[in-house]
Trainee: 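Sending over a structure as structure tokens; questions will come in a sec.
Within every chain, numbering begins at 1; the chains are lettered A, B, ... in the order of the sequence lines, protein sequences first and strands thereafter.
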Number of protein chains: 2
Amino acid sequence: MQKQQTLSRNQKIIFDLIDKSQEPMKAYSILFNVQKKGIKAPLQVYRALDKLVEIGKIHKIESRNAFIACQNSSCQISKATAFSICESCENVSEISNTKLSKYLSNFAESSGMKYSKYNLEFFGLCKKCKSK
Amino acid sequence: MQKQQTLSRNQKIIFDLIDKSQEPMKAYSILFNVQKKGIKAPLQVYRALDKLVEIGKIHKIESRNAFIACQNSSCQISKATAFSICESCENVSEISNTKLSKYLSNFAESSGMKYSKYNLEFFGLCKKCKSK
DNA sequence: TAACACTATGTAATAATATAACATTTACAT
DNA sequence: ATGTAAATGTTATATTATTACATAGTGTTA
Ligand SMILES: [Zn+2]
Ligand SMILES: [Zn+2]
Ligand SMILES: [Zn+2]
Ligand SMILES: [Zn+2]
């Protein structure tokens with residue numbers, strides 16, 4: 001068990017919003033949604049996002065510039081992330097597969113670099129969209 | 001052998017620049033470098049980049065918003081890309097490993113989605129930087 | 001408790017990345 | 001020559017992210 005991180009006020013507001021969202025959220029959409037709570041500037045959002053990513057509570061979907069809450073309770077730090085992204089409905093789900101992550105970290109370890117993390121994004125049509 | 005794509009004027013100018021570069025190039029840096037050749041607007045650059053990505057001549061490094069020429073002659077289309085990225089010197093190299101790509105496309109095929117492509121980015125220290 | 005270090009916050013301005021909208025031109029197949 | 005798709009040119013604007021600087025809270029230790 002990792003040490004439990006206490007979130008600051010802004011971090012908590014922003015995490016709660018992302019966590020409740022059914023879809024990845026973009027920074028300026030987050031900003032718009034938290035303005036009533038007193039968070040008025042982009043930087044306040046980006047700072048909270050940076051911290052939340054750092055401690056693994058959220059992940060950035062790089063290809064979409066968007067953020068989702070970690071869907072994998074054991075993923076306390078964002079050092080090995082994998083996602084399926086639907087190119088039609090833009091649904092994103094986090095993949096949590098031990099074999100896959102073992103395979104990839106082994107691959108990285110044997111590659112000659114001093115490996116610190118990876119990010120993998122699969123694209124295609126989700127189950128719903130492919131049956132349409 | 002795939003059909004050989006003929007590049008248009010702007011596409012060729014921009015591809016040549018990226019291909020000669022020793023490092024990933026960002027869109028506005030590309031723009032700056034091709035202004036003397038008559039390409040004056042961001043959109044001209046982005047349109048060429050889009051096309052070059054589509055036909056697999058270059059790849060976008062999503063975590064860096066930068067572009068590199070494909071280093072894998074057999075990679076005629078950007079449907080399965082993998083990179084090592086050095087967090088110190090920002091060197092990026094394309095990984096071309098048949099086992100890895102087989103493993104990942106099999107994984108995707110068996111995941112329930114209608115898989116179309118993936119992108120994988122490893123982060124860490126490259127050989128040079130780790131020995132410093 | 002005072003001093004210190006560290007983290008977080010507030011605010012304004014601006015940088016960097018990317019697209020929309022519209023007009024025109026080129027390539028090339030019928 | 002006509003139609004059509006791809007590419008280009010141009011202006012304006014949208015979106016994403018950071019710099020710089022000032023202030024406030026939190027916890028540790030002298
Ligand atoms: Zn996670
Ligand atoms: Zn879908
Ligand atoms: Zn390639
Ligand atoms: Zn390096």
Trainee: If you assign B/R47 and B/R64 each to the DNA chain C nucleotide with the nearest heavy atom, which residue ends up on the more 5' nucleotide?
Mentor: B/R64
Trainee: Atom CD of A/E62 to atom C1' of D/dA17: distance rounded to whole Å?
Mentor: 13 Å
Trainee: Please round to 10 degrees the angle between the axis of the first five pairs and the axis of the last five pairs in the helix from C/dT1-D/dA30 to C/dT30-D/dA1.
Mentor: 30°
Trainee: Nearest heavy-atom pair of B/S105 and B/S101: which atoms, and what distance?
Mentor: OG-O, 2.7 Å
Trainee: Give, ordered by number, those residues of residues 36-46 of chain A having at least one heavy-atom distance below 4.0 Å to an atom of DNA chain D; if nothing qualifies, reply none.
Mentor: A/L43, A/Y46
Trainee: Which residues in residues 27-34 of chain B have a heavy atom closer than 4.0 Å to any atom of DNA chain C?
Mentor: B/Y28
Trainee: Look up atom SG in A/C70 and atom NE2 in A/H59, then write down how far apart they are to the nearest 0.5 Å.
Mentor: 3.5 Å
Trainee: Nearest 0.5 Å please: distance from the CD1 atom of B/I14 over to the NZ atom of B/K57.
Mentor: 14.0 Å
Trainee: Go through the steps for A/N65 and A/K60 under the test side chain to side chain contact (heavy atoms under 4.5 Å, CB included), then give the verdict.
Mentor: CA-CA 7 Å; A/N65 299 316; A/K60 182 172 187 181; 4.0 Å; yes
Trainee: At their closest point, which heavy atom of B/E94 faces which heavy atom of B/A69, and how far apart are they?
Mentor: OE1-O, 4.2 Å
Trainee: Counting only non-hydrogen atoms, which of residues 8-23 of chain B are less than 4.0 Å from DNA chain D?
Mentor: B/S8, B/R9, B/N10, B/Q11
Trainee: Using whole Å, what does the distance between atom P of nucleotide D/dA7 and atom CG of B/L49 come to?
Mentor: 14 Å
Trainee: Are the side chains of A/S93 and A/Q71 in touch, meaning some heavy atoms are under 4.5 Å apart?
Mentor: yes
Trainee: Could you list, one pair per line, each protein nitrogen or oxygen that sits under 3.5 Å from a nitrogen or oxygen of nucleotides 26-28 of chain C, together with the distance?
Mentor:
none

Trainee: Please check if atom NZ in A/K130 has more than 12 non-hydrogen atoms from other residues, nucleotides or ligands closer than 6.0 Å.
Mentor: yes
Trainee: Output a table of donor-acceptor pairs, distance under 3.5 Å, between side-chain atoms of residues 19-34 of chain A and any protein atom two or more places apart or on a different chain; print 'none' if there are none.
Mentor:
from: A/S21; atom 1: OG; to: A/E23; atom 2: N; distance (Å): 3.1
from: A/S21; atom 1: OG; to: A/E23; atom 2: O; distance (Å): 2.6
from: A/Q22; atom 1: NE2; to: A/K20; atom 2: O; distance (Å): 3.2
from: A/K26; atom 1: NZ; to: A/R64; atom 2: O; distance (Å): 3.3
from: A/N33; atom 1: ND2; to: A/S29; atom 2: O; distance (Å): 2.7

Trainee: What residues, two or more places apart in sequence or in another chain, satisfy salt bridge (Lys or Arg N to Asp or Glu O under 4.0 Å) together with B/D16?
Mentor: B/K12
Trainee: CD1 of B/I13 to CD of B/Q44: how many Å apart, nearest 0.5 Å?
Mentor: 9.5 Å
Trainee: So, OP1 or OP2 of D/dT16: does either fall under 4.0 Å of a side-chain N or O from A/K26?
Mentor: yes
Trainee: In whole Å, what is the span from the CG atom of A/L52 to the P atom of C/dT7?
Mentor: 16 Å
Trainee: I want to check something: taking the side chain as every heavy atom from C-beta on, are A/F67 and A/V53 in contact at a cut-off of under 4.5 Å?
Mentor: yes
Trainee: Residues in side-chain contact (heavy atoms from CB on, under 4.5 Å) with A/S88, at least two apart?
Mentor: A/C86, A/L125, A/C129
Trainee: Not counting sequence neighbours, list each pair that qualifies as a salt bridge (charged side-chain N to carboxylate O under 4.0 Å, His left out) and has a residue in residues 104-126 of chain A.
Mentor: A/K117-B/E87
Trainee: Roughly how far, to the nearest 0.5 Å, is OG of B/S8 from CG of B/N10?
Mentor: 5.5 Å
Trainee: Which nucleotide, C/dA18, D/dA17, D/dA7, lies nearest any side-chain atom of B/K60?
Mentor: C/dA18
Trainee: Measuring to OP1 and OP2 of D/dA6, would you say a side-chain N or O of B/K51 lies under 4.0 angstrom away?
Mentor: no
Trainee: Between atom CG of A/N97 and atom NZ of A/K102, what is the distance when rounded to the nearest 0.5 Å?
Mentor: 10.5 Å
Trainee: How is the hydrophobic cluster of A/Y118 composed, in terms of its other members, when Ile, Leu, Val, Met, Phe, Trp and Tyr link through side-chain heavy atoms under 4.5 Å apart, directly or indirectly?
Mentor: A/I95, A/L100, A/Y103, A/L104, A/F107, A/M113, A/Y115, A/L120, A/F122, B/I95, B/L100, B/Y103, B/L104, B/F107, B/M113, B/Y115, B/Y118, B/L120, B/F122
Trainee: Report each atom pair, protein N/O against N/O of nucleotides 26-28 of chain D, whose distance is under 3.5 angstrom.
Mentor:
none

Trainee: Kindly say if B/N65 contacts the phosphate of C/dA18, meaning a side-chain N or O under 4.0 Å from OP1 or OP2.
Mentor: yes
Trainee: Which Ile, Leu, Val, Met, Phe, Trp or Tyr residues join B/F123 in one cluster when any pair of side-chain heavy atoms under 4.5 Å counts as a link?
Mentor: B/I61, B/I68, B/F83, B/I85, B/V92
Trainee: If you round to the nearest 0.5 Å, how far is CG of B/L43 from CG of B/D50?
Mentor: 9.0 Å
